[in-house]
Amino acid sequence: MEIRIKHAALAAALLFGASGAQAQLKIAYIDPLSGAFANVGEAGLKHFQAMAEEINAAGGVNGQKLEIVGYDNKVSPQEALNQLKRVIDDGIRFITQGNSSAVAGALIEAVNRHNERNPGKEVLYLNYAAVDPAFTNDKCSFWHFRFDANSDMKMEALTTWMAGNQKIKKVYLINQDYSFGQAVRKAAREMLSKKRPDIQIVGDDLHPLGKVSDFSPYVAKMKQAGADTVITGNWGQDMSLLIKAAKDAGLTADFYTYYAGGLGALPAMGESALGHVKQITEWHENVLPSSIEKWSQDFEKKYKTDFYYLRIRTAVQMFAEAAKRAKSNDPKAVGYALEGLRFETPTGEVEMRKQDHQLIQPLYLSTVQRMAAKGGPKEVKYDVEDTGFGFKTDAKLEASTSAQPTSCKMTRP
Amino acid sequence: MDFLLVQVLNSISYGLLLFMLASGLTIVFSLMGVLNFAHASFYMLGAYFAYQISRWIGFWPALVLAPLAVGALGMAVERFALRRAHKYGHVAELLFTFGLAYLIEEATHLIWGRSAVPYRVPPDLDGPLFSIMGTQYPMYRGFMMLVAVAMLVSIGLVLKKTRIGLVIQAALTHPETVEALGHDVPRVFMLVFGGGVALAGLAGVIGGNAFVTDPGMAAALGPIVFVIVVVGGMGSLGGAFIASLMIGFIQTFAVSLDWGLFGYNISQVAPVLPYLVMVLMLIVRPKGLMGTREG
Amino acid sequence: MKLSLRMGSSLVWVATAVLLTVAPWAFPGSFALTLLTQMGTLAIFALSYNMLLGQGGMLSFGHAVYSGLGAYATVHALNFLGKGAFPTPLPLLPLLGGAAGLAFGVLFGYVTTKRAGTTFAMISLGIGEMVYACVLMFPGFFGGEAGISTNRTVGQPLLGLNFGPALQVYYLVAAWCFACMLAMYALTRTPLGRIANAVRDNPERAEFIGYDTQKVRFLQLVLSAFFAGVSGALSCINFEIVGAENVSALRSGGVLLATFIGGIPFFFGPVLGAVIFILFVAALSGVTKAWLLYLGLFFCAMVLYAPGGVASLLLVQIGMIRAGKFGRLAFPYVTGAAACALALCGLIGIVESVYRLSDSTQGTRMALAGLQLDAARAGVWVGSSVLLVAGLLALRFATRFIGRRWDAVQTEIRAA
């Protein structure tokens, strides 16, 4: 069994291998690569692979070529810990992960324990999508760096923009009943009451994750309450079904979401989302003019997937920059160089905050519209997943808007 | 008032969709004693086949062809696999369908990918049926109810007016006697299994575009269907009908009511209430509401 | 002294103990070690599940409830230990997990054991879904789907062992595994165990001889829940995290699969099943993305062709070996194995090609058994199909060959 794994790894290395360098600098990508979420995991992997190619074309990191190795976490915290053991066995010192926050939490604890019990063999963890605020607050760790705005930060930006919109009077909250959904609703309530106490929260629902097929009862409640705005952290099936049910019932409210642009969401929602479903993200393909417009279209042609994660590009570039400044590929040195690092990205300057290892970056609020080629507004040049629908920016929210105070008390090695 | 009306209509349409799913399962279970764990997977296949056929030809042909395709697949499964497992007892059959559900899901991932597919309501059926005081009721829901009722009526006719229906009815309660009377029970089993999953496929054709067609749809609806069969009573179509509507109402209205229960809102637990009902029913009355057999 | 291969013989137990002790040296590496630890934990879980299914005739779809709740109790206790409350050595914590499992077994068992068969199965499914939903709804106690983390090195070291290193955890699990195996085997020899078998086979008759079937089933469930709780506690100690997945339908389904694959009618069957299952899920999944498909196919094939599990395939040879006629079967088995291998090569070729084509991250070239192949080329498909068809035909021939030889040998044995 052990031999077969090594054999397959050797064969894989022979396939990937021929970049010519000897000791390669590897980053282990621990995300779902099989099962229901494999497409999400694969999309992220492609982003990392593309960035590794770009870094290698420019000479690599401190003379070593960068290589991304995929490990399947099956969206299970305990399985991810198994994979972490394999990663450590394979001698890899850097890991990255994004799906889901449950897995991320397990990985942070495991990495902390491993680093404590094995000084000199530390592992650094680059988190690109797990947004539970705790990871940069009471669960913060020197070995963890987060490159996505956490869910409280996204809500901060969202509510700041909503505060300026006087048309919003009655807000309905609907979320998935687990830690992320509960965090979204808590933050929404707190922040709205501070910034616009006149806004009425006319409904607040939590539904079990992934178990509701028919959202029409919830939509009927929204209609009855007279909601003009809905805030939801729903993703995947829960998002698509909600939007479809809203369209069927003729609900005209605006939906403020985190993941309307997530993989598979727009193909499922289609016309139902047109004009009133919004998302808050660090980027979308119609943020134009942009220095990476051509690059992102080349990426899409080559890897057959939309360029969605600007933060992966930022993460890999900042990682390479930190290693360059530290003149070393050792995790501890890279970690010290990475915290506090300021970096220029296509959307503006970003900062990896030293206090809590949270990246502070600009965010965009955008709405689903038909693409320009199909009769929509001219700003919508590119569409998402060939659906004919794309996003149009409503507003750019500068980095400082979303920054949050932190309760992190980090112990540094 | 319009809120109440909309919720009632929602409950009925959801309940009827569940009935379409549960009816096939009830018939198969009553006749063959096999609780088909992969029943919801055939529902999913019906939706995917309908998506594919409506891309090649159109929705209306898909409405007929997809359930037939699913039924043919079901007959093949029964003939080549389930019949073997039958020798080893009910547990083996149950376990086989359990494994089959996994296999169908993986196969779906491979053929159609892991994301949702854009299986849409046909444009002529898309739009509001009527508007009451500002609330729309979609035409497609009305269509769903129509198909479900038509299906119920035709099943009833087949069972009561045709010969094969008579045999099935008899075998529902006395399978050994029917075999002793010389009917080709294995062939009846094959037809019934194929018919049962074809009904699930039909439910998939209708439900796949009303909701989302993605590989997770089997796991989302599957357990609820078991609840209905158990609550309605093993062996009773009428019981399944009542149980489907009951579950439809419970799930819809639990969401609408904002009652608190130990600090938790009932709407949070709404999708879990059916399981509670099932457990209570099994404790109090294991035969189910109108069941003629037990376990 | 005649060597006895009977279950209860001390030789089998000694061999097991030796195997458990020596395993980490045979399979070095921290990944292999964690696999072995998980196999030990799952073995206890599967054995406890077989107390219900194999010995009691009760098919349960919600057994993870007891192991999961036992795990939650353990993780909270471990966190309390970390804060200095009631010093207990770590190796005794599984008893606490077992006690929690037992308590929930009493709670849920009383209402669920009124009936057996499909009714019991459905109730267990319903309770499993409800507990899972509750775990997500009460994040205060259950930590939500992220779960609760802990550190197993807290508390006083026992004889210098603080159980930080994975090797110490492995031996802890191995010791508990051996103890639980002994205990569960002993239970099968008690009157309760025997009557549970009777209730499984013919409940009506068991009632006639004066036993209350509900009480028997209830006791069997409670004891089974105790051992499930022990396995949950060990899992908690190994992973240092307990989450909603510990009580999920996936976990319940997994133990069902593992037990069935191993062999329900035999005591050691579930242990074999645990080993095979972990290999599929944790090890095979690192080699190929199609592991879930392979597991499903393997399981379905077992249900249809070997419902007694892998154990039945192995143990049925014991009679042959004792009669000294195993040599006669060697050649037919070899042809069977060759046919299987042929069909398997064809199947793997097709499945891997399909998966490679559907996965766009790595292009269409792949490495199988040292050969470089391109999934987009027709040659791979044609070759694999030919291998598969040839293999299946050969298998048909081989099984008939084995069957004929088997019958012949049996006749010889009986004539002797």
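To find a chain, count down the sequence lines: A is the first, B the second, and so on, and within it residues start at 1. Owing to the predicted nature of the structure, the values given are computational and were not obtained by experimental measurement.
With a threshold of 4.5 angstrom between heavy atoms, B:Leu276 approaches chain C through its backbone and through its side chain. For C:Leu256, the part lying near chain B is the side chain, with the backbone staying farther off; criterion is any non-hydrogen pair under 4.5 Å. With a threshold of 4.5 angstrom between heavy atoms, B:Leu95 approaches chain C through its backbone and through its side chain. Only the side chain of C:Phe61 comes within contact range of chain B, judged by heavy atoms closer than 4.5 Å. Both the backbone and the side chain of C:Tyr355 come within contact range of chain B, each with at least one heavy atom under 4.5 Å from a heavy atom of that chain. If you measure heavy-atom distances from B:Phe96 to chain C, the contacts under 4.5 Å come from both the backbone and the side chain. The contact between C:Leu59 and chain B is made entirely by side chain atoms (from C-beta outward), counting heavy-atom distances below 4.5 Å.
Looking at B:Pro118 and B:Tyr51, their side chains come closer than 4.5 Å, going by heavy atoms from C-beta outward.
Distance check: C:Ile123 CD1 to C:Met130 CE gives 10.0 Å after rounding to the nearest 0.5 Å.
Using the six-membered ring where Trp is involved, B:Phe253 and B:Phe249 have ring planes that are parallel, under 30° apart on the 30 and 60° scheme.
Using a distance-only test at 3.5 Å, with no hydrogens or angles considered, a donor-acceptor pair links the side chain of B:Thr108 to the main chain of B:Ile104. No donor-acceptor pair closer than 3.5 Å links the side chain of C:Thr113 to the backbone N or O of C:Arg217.
Put simply, of B:Leu35, B:Leu110, B:Leu82, B:Val279, the one with the most heavy-atom pairs under 4.5 Å next to chain C is B:Leu110. Ranked by non-hydrogen atom pairs under 4.5 Å with chain B, the options C:Thr112, C:Leu297, C:Leu53, C:Leu257 are led by C:Leu297. Of all the listed residues (C:Leu295, C:Val354, C:Leu304, C:Val303), the one sharing the greatest number of non-hydrogen pairs under 4.5 Å with chain B is C:Leu304.
Taking the six-membered ring for Trp and the full ring otherwise, the centers of B:His39 and B:Phe226 sit at least 6.0 Å from each other. In this structure, B:Phe98 has its ring center closer than 6.0 angstrom to the ring center of B:Phe37.
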